[in-house]
Amino acid sequence: MNCEQQQLFAKIKAFSFDKPDTKYTFVRRLAHENNWNFEYARRAIEEYRKFAFLAVVAEHIVTPSEQVDRVWHLHLTYTHSYWNEFCTQLLDKPLHHQPSQGGSSETTKYKNLYCQTLDSYIKFFGDTPPIDIWSSPDIRFGSDLASKWINTEKNWIIPKPDFSFLLDRIAKKRSIKFKTITTVIISLFLAVLITLGWALPSSAQAPSFYWDFINVILDVRDNGDLIVTEEQKYVFTESNSHQRYRFIKLDEIEDIRDVEVFEDNHRLPITTYFQNDKFWIRWEDYLADTNTHIFTLKYRAVGATSNSYGADTLNWKAIFPKRKAPINNSKITINLPESLVGKVRDYYSIGGNFKSELIDDATIQFTSLQSLPPEQSVVTKVTFWGNYLHFQRHNSSVVGDREIALTFENIFGYIIVGLMCLGFLAYVAIALFMFFCATTSNLSKNSSRRNGGCTTGGGCGGCGGGG
């Protein structure tokens, strides 16, 4: 690198993707969206910085690896940061993303450009790119192209078993047809297991109720916390277990505290715990022998508001997803503290069909115009004209019982996973047995041929022996 290039790379390395006091940081979002650990996501970002540097100095079109491309995609969604700060002010040139148009000629073109990019990487940085982030050209334009974004809330991720070494040996000794049949058997076996794991819990958790309404009151506090009050009316259509639960995802907030649940003004005993980045609340009915129950949940969401680009923002999932039953009606009310009165810049809801209105300078209301189907969430978002809240950093504390209760759903899930593991082990045993049988059969045939050659005059004569 020359002096000018060194200065440019130093600026790129010093560039910050986040505004000060950002809670859900760029690296955390990248790790979450791609199911990477934090350290790997951090390294991928550093390689993206190098890629951006090469885009300026390499004097040819550069092509990123699959991992670097994912960082690039995420950065593109930060439009102000990417175009106004990174490209215009730092790189001093636009860095456009140009996907392939498809076809063999395009694949060849970008594969060659990728090879050039790897060569330029070595030239400017004096080292080979890390293979776990910059894969080889054959992999980059081979298996890497099969990558897809997967919603882990709705899908299981099960790696395909890799028995290629075993199948190759068998195929050489038997025939390629055996490999095809085995592959089909594996696919059918996994399909049955996945279907079993999906269908059985679904039928076990079929809803026996619906919500007549879920009304939510959000009281914003000056320190950025949110006091949430949920009033839920259950209507049961058949017998039920009398046990209720509610979970809140903790991916964008710090903590849930001060949890209370009431029915008929009676405070109920509750159990709270953490599991899979979720805060769970469990309770049981207070009133017996009734088809309707109205529960009131109260809790504090710590760190529910944030400051983005100099403006206070409330972004709250008021109506939760992961519901198997519909909601007939819903009303969401947001009460603002004195510091935010008259300072609302924008407000809207995402999901469902809601009427939004500013009741007064301190109250915003969202009212449903139709029922909400199962799985439909509703997010309310309010932005203000400036920075008025006094955010506080809270010390993480133990909230409730962190032990995971062995509920029916958990036990049922463990049984399904256990059956899948046993099925997989059974498949491995069958595959090894088939391999053993095939190998034994071939050895037996080869031995028979050798023995036959030694006992027949024609065989020995054919090998050059003499009778």
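In what follows, residues are counted from 1 in the order of the sequence shown. Please read these numbers as outputs of a predicted model, since none were measured by experiment. As a basis for the values below, the full set of heavy atoms in this structure was taken, side chains included, without hydrogen atoms, waters or symmetry mates.
- Within a 6.0 Å radius of CG in L76, other residues, nucleotides and ligands contribute more than 12 heavy atoms.
- Side-chain contact between Y82 and H75 is present, with heavy atoms from C-beta onward closer than 4.5 Å.
- Taking the six-membered ring wherever Trp is involved, the centroid distance between the rings of W83 and H96 falls below 6.0 Å.
- A salt bridge is defined here as a Lys NZ or Arg NE, NH1 or NH2 lying under 4.0 Å from an Asp or Glu carboxylate O, and K111 with D138 meets this definition.
- Geometric assessment of K278 against the ring of F247 yields a positive cation-pi assignment under the 6.0 Å and 45° thresholds.
- When every heavy atom of V378 is checked against every heavy atom of S349, the shortest pair comes out as CG1-CB, 4.3 Å.
- Using a 4.5 Å cut-off on side-chain heavy atoms (C-beta onward), K93 and V56 make contact.
- The closest donor-acceptor contact from the side chain of D219 to the backbone of N335 lies at 3.5 Å or more, if one exists at all.
- By the 30° and 60° cut-offs, the orientation of the rings of Y78 relative to F26 is perpendicular.
- The line from CZ of R28 to OG1 of T22 is 11.5 Å long, rounded to the nearest 0.5 Å.
- A perpendicular orientation is assigned to the rings of F366 and Y347, their planes being inclined by more than 60° (bins at 30° and 60°).
- Salt bridge status for E85 with K19: present, with a side-chain N to carboxylate O gap under 4.0 Å.
- Remark: side-chain polar atoms of S65 are paired, donor with acceptor, to backbone N or O of I133 under 3.5 angstrom.
- Not one N or O on the side chain of T363 forms a donor-acceptor pair closer than 3.5 Å with the backbone of I359.
- Within 6.0 Å of NZ on K317 lie no more than 12 heavy atoms contributed by other residues, nucleotides or ligands.
- N387 contributes no side-chain N or O that, together with a main-chain N or O of G310, makes up a donor-acceptor pair within less than 3.5 Å.
- Residues R246 and L297 form a side-chain contact, since some pair of their non-hydrogen atoms from C-beta on lies under 4.5 Å apart.
- Side-chain N or O atoms of Q5 include one that pairs as donor or acceptor with a backbone N or O of N2 at under 3.5 Å.
- You'll find the side chain of V382 stays beyond 4.5 Å of the side chain of T313, heavy atoms only.
- Using the six-membered ring where Trp is involved, Y245 and W280 have ring planes that are tilted, between 30° and 60° apart.
- Defined by atom type and a distance below 3.5 Å, a donor-acceptor pair is present between the side-chain atoms of Y273 and R282.
- Nearest heavy atom pair, residue D312 against residue Y388, reads OD2-N, 2.6 Å.
- Judged by a 6.0 Å distance limit and a 45° cone about the ring axis, K50 is not positioned over the six-membered ring of Y121.
- Considering only heavy atoms from C-beta on, L389 comes within 4.5 Å of S339 through its side chain.
- A pairwise comparison of heavy atoms in A58 and S120 identifies CB-OG, 4.0 Å as the closest pair.
- No donor-acceptor pair closer than 3.5 Å links the side chain of R257 to the backbone N or O of A301.
- The cationic atom of R29 (NZ for Lys, CZ for Arg) does not lie both less than 6.0 Å from the six-membered ring centre of Y24 and within 45° of the ring axis.
- A 6.0 Å sphere centred on CD of Q6 holds more than 12 heavy atoms belonging to other residues, nucleotides or ligands.
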Working for side-chain contact (heavy atoms from CB on, under 4.5 Å), residues I122 and D127
CA-CA 5 Å; I122 297 173; D127 196 5; over 6 Å; no
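- Residues I332 and F354 have side chains in contact (heavy-atom distance under 4.5 Å, counting atoms from C-beta outward).
- Using modelled atom types, one finds a donor on one side chain and an acceptor on the other under 3.5 Å when comparing Y299 with E230.
- For F86 and F15, the ring centers sit closer than 6.0 Å to each other.
- The pair K13-E46 does not meet the salt-bridge criterion, since no charged nitrogen lies less than 4.0 angstrom from a carboxylate oxygen.
- Checked by atom type and distance alone, the side chain of W72 never pairs as donor or acceptor with a backbone atom of P64 at under 3.5 Å.
- Although no hydrogens or angles enter the test, the distance criterion places a donor-acceptor pair under 3.5 Å between the side chain of Q89 and the main chain of N84.
- Looking at heavy atoms from C-beta onward, I12 lies in side-chain contact with L91 at the 4.5 angstrom threshold.
- Between the side chain of T77 and the backbone N or O of L74 there is at least one donor-acceptor pair closer than 3.5 Å.
- The existence of a salt bridge linking D132 and R43 is confirmed by a sub-4.0 Å separation between a basic side-chain nitrogen and an acidic carboxylate oxygen.
- For the pair S377 (side chain) and P321 (backbone), a donor-acceptor distance under 3.5 Å is absent.
- In E39, the CD atom is crowded: over 12 heavy atoms of neighbouring residues, nucleotides or ligands sit closer than 6.0 Å.
- A perpendicular orientation is assigned to the rings of H97 and H73, their planes being inclined by more than 60° (bins at 30° and 60°).
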